[in-house]
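Below: one structure, written as structure tokens.
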Amino acid sequence: MNSKANKFLNFKNMVVLITGSNGIIGKELCKLYLDLGADVFGIDNKKNSLKNINYTHFVGDVSDEKFIIKKLAYIIKKKSKINVILNSAAISIFTHFEKRTKKEILKTLDVNLIGTLNVIKSYVKIHSQKKLKSCRIVNFGSIYGIKSPDFRIYGKNDNFNSEIYGASKASIIQMTKYFGVMYIKKNIFINCISPGGTISEKNKISKEFYKKYSSRTPINRMATPKDLFTAIIYLTNSETKYTVGQNIIVDGGMTAW
């Protein structure tokens with residue numbers, strides 16, 4: 001492997017913060033960056049069983065701005081920098097729209113949208129105060145921030161994708177463009193990744209749903225967290241210097257059809 005390739009995959013001595021670090025995607029991202037040599041900090045509202053000398057886990061809610069400010073300050077004090085932030089914390093709700101409560105709507109927006117805003121806002125402030133050099137922030141959108149679900153593929157017992165989840169993800173995609181343009185002058189690179197339906201052993205789905213969903217993608221399967229890795233590495237690498245405010249869709253070609 002030549003020196004440029006080595007540099008592209010070199011995350012040693014880098015500091016990575018991952019929100020939603022106990023989630024389907026977040027937990028695998030923690031393992032990825034640990035394997036790449038980074039010091040990883042995770043935030044989730046649940047405990048994480050991941051054991052690694054280079055991993056630190058914080059239990060808390062991303063919608064709590066004071067909590068986020070406190071944890072960012074702790075990381076900066078300890079490591080003097082944060083090179084990468086992955087805003088993967090998200091929730092969804094599956095009650096029928098006609099029975100949706102205001103509390104459910106606000107909770108989804110609190111975590112998905114306000115939580116992402118809290119992290120960006122709080123980091124930018126400390127970045128300016130401490131005169132930090134650079135950071136790459138990746139927000140997590142979704143294909144359902146771009147398109148509607150195909151309601152025909154859902155069975156009676158399948159989790160029906162909600163309108164408020166899609167609305168929150170559409171907001172994140174737009175917010176990425178807004179802040180990407182605003183903060184590049186501070187050498188903060190902000191981009192977005194929008195996965196298609198992603199599964200692991202943690203989120204069991206019916207065989208029928210898997211089959212119907214897969215038939216909607218040219219690749220004919222759903223994604224796994226590892227399918228997102230190459231795009232995320234690209235967006236968080238220090239050699240990526242000309243990509244700003246973009247939304248990379250990783251969906252097996254579903255939105256291309």
Side-chain angles (χ1 to χ4, degrees), residues 18-30 42-49 61-63 86-116 139-173 192-229 231-232 247 249-257:
I18 301 172
T19 72
S21 54
N22 201 41
I24 294 163
I25 295 173
K27 197 166 187 178
E28 295 304 315
L29 290 175
C30 289
I43 291 177
D44 200 284
N45 63 354
K46 296 179 181 178
K47 292 182 179 180
N48 192 311
S49 59
D61 190 337
V62 290
S63 66
L86 302 177
N87 283 314
S88 73
I91 63 170
S92 191
I93 47 176
F94 304 107
T95 53
H96 192 280
F97 170 70
E98 294 174 5
K99 297 179 180 179
R100 185 93 70 243
T101 66
K102 184 177 180 180
K103 184 177 180 180
E104 289 174 321
I105 291 171
L106 292 177
K107 181 60 178 177
T108 304
L109 292 175
D110 261 354
V111 175
N112 298 3
L113 183 57
I114 302 302
T116 300
N139 300 322
F140 275 69
S142 166
I143 58 168
Y144 294 128
I146 302 164
K147 67 183 294 294
S148 171
D150 183 346
F151 302 123
R152 297 170 298 180
I153 69 175
Y154 292 90
K156 184 178 179 180
N157 296 317
D158 295 323
N159 285 333
F160 204 82
N161 200 287
S162 70
E163 83 300 329
I164 194 61
Y165 176 84
S168 70
K169 293 301 184 177
S171 298
I172 286 171
I173 293 168
C192 185
I193 183 168
S194 285
T198 306
I199 61 168
S200 75
E201 292 181 358
K202 284 185 68 176
N203 63 329
K204 301 292 184 181
I205 61 173
S206 68
K207 291 181 179 179
E208 188 64 22
F209 178 80
Y210 182 92
K211 183 178 178 180
K212 287 181 178 179
Y213 183 99
S214 297
S215 71
R216 296 282 291 107
T217 70
I219 292 181
N220 199 37
R221 67 174 175 85
M222 295 182 74
T224 69
K226 291 183 179 179
D227 288 316
L228 311 178
F229 284 3
I232 291 170
N247 177 42
I249 302 169
V250 184
D251 67 348
M254 176 182 275
T255 53
W257 252 353

Open item on the list: Within the 3.5 Å criterion, strictly below it, is a donor on E104 or T95 matched to an acceptor on the partner's side chain?
Closed with: yes

Open item on the list: Within the 4.5 Å heavy-atom criterion, are E28 and L228 side-chain neighbours or not?
Closed with: no

Task: Shortest non-hydrogen contact from N22 toward D44 - done: N-OD2, 2.9 Å

Open item on the list: Minimum heavy-atom separation for Y165 and N112, please, with both atom names.
Closed with: CD1-ND2, 3.7 Å

- [ ] Look up atom OG in S148 and atom CD1 in I143, then write down how far apart they are to the nearest 0.5 Å.
- [x] 10.0 Å

Open item on the list: Any non-hydrogen side-chain atom of I146 less than 4.5 Å from a side-chain atom of N247?
Closed with: yes

TODO: Look at the side chain of T19 and the backbone N and O of S88, then say whether any donor-acceptor pair between them is shorter than 3.5 Å.
DONE: yes

TODO: Side-chain contact test, heavy atoms from C-beta onward, threshold under 4.5 Å: evaluate it for D227 versus R221 and give yes or no.
DONE: yes

Task: Atom pair CD1/NZ of I114 and K107 - distance to nearest 0.5 Å - done: 12.0 Å

Task: Spatial distance of atom OG1 (T108) from atom CD1 (I93) [nearest 0.5 Å] - done: 4.0 Å

Open item on the list: Restricting to non-hydrogen atoms, name the atom on G196 and the atom on T198 that form the minimum distance, rounded to 0.1 Å.
Closed with: O-OG1, 2.9 Å

Task: Distance, nearest 0.5 Å, that separates CG of L86 from CD1 of I18 - done: 5.0 Å

Task: Salt bridge K147-D251, side-chain N to carboxylate O under 4.0 Å - done: no

Open item on the list: For D158, give me all partners under side chain to side chain donor-acceptor pair (under 3.5 Å), at least two apart in sequence or on another chain.
Closed with: S206

TODO: Could you tell me whether D150 and R152 have a side-chain N and a carboxylate O separated by less than 4.0 Å?
DONE: yes

Task: S194 side chain near I173 side chain, heavy-atom distance below 4.5 Å - done: yes

Task: Which residues share a side chain to side chain donor-acceptor pair (under 3.5 Å) with S49, sequence neighbours left out - done: K27

Open item on the list: Using the rule given for side-chain contact (heavy atoms from CB on, under 4.5 Å), can you reason through F229 versus L29, listing the C-alpha separation, both sets of side-chain angles and the distance that settles it, and then say yes or no?
Closed with: CA-CA 8 Å; F229 284 3; L29 290 175; 4.0 Å; yes

Task: S63 versus D110, side-chain donor and acceptor atoms under 3.5 Å - done: no

Task: With F160, the ring pair (Phe, Tyr, Trp, His ring centres under 6.0 Å) member among F151, Y144, F97 - done: F151

TODO: State, to 0.1 Å, how close M254 and P218 come at their nearest heavy-atom pair, and which atoms those are.
DONE: N-CD, 3.9 Å

Open item on the list: Quick check: do T116 and V62 have side-chain heavy atoms less than 4.5 Å from each other?
Closed with: no

Open item on the list: Whether the side chain of S21 engages the backbone of I43 through a donor-acceptor N/O pair (distance < 3.5 Å, no angle test) should be reported.
Closed with: yes

Open item on the list: Whether the N87 and N139 side chains hold a donor-acceptor pair (N or O, under 3.5 Å, no angle test) is what I'd like checked.
Closed with: yes

Task: From OG (S168) to CD (E163), nearest 0.5 Å - done: 10.0 Å

Would you mind writing out the side-chain donor-acceptor pairs for residues 207-215 within the sub-3.5 Å range, not counting sequence neighbours?
from	atom 1	to	atom 2	distance (Å)
Y213	OH	G197	N	2.6
S214	OG	Y210	O	2.7
S215	OG	K212	O	2.6

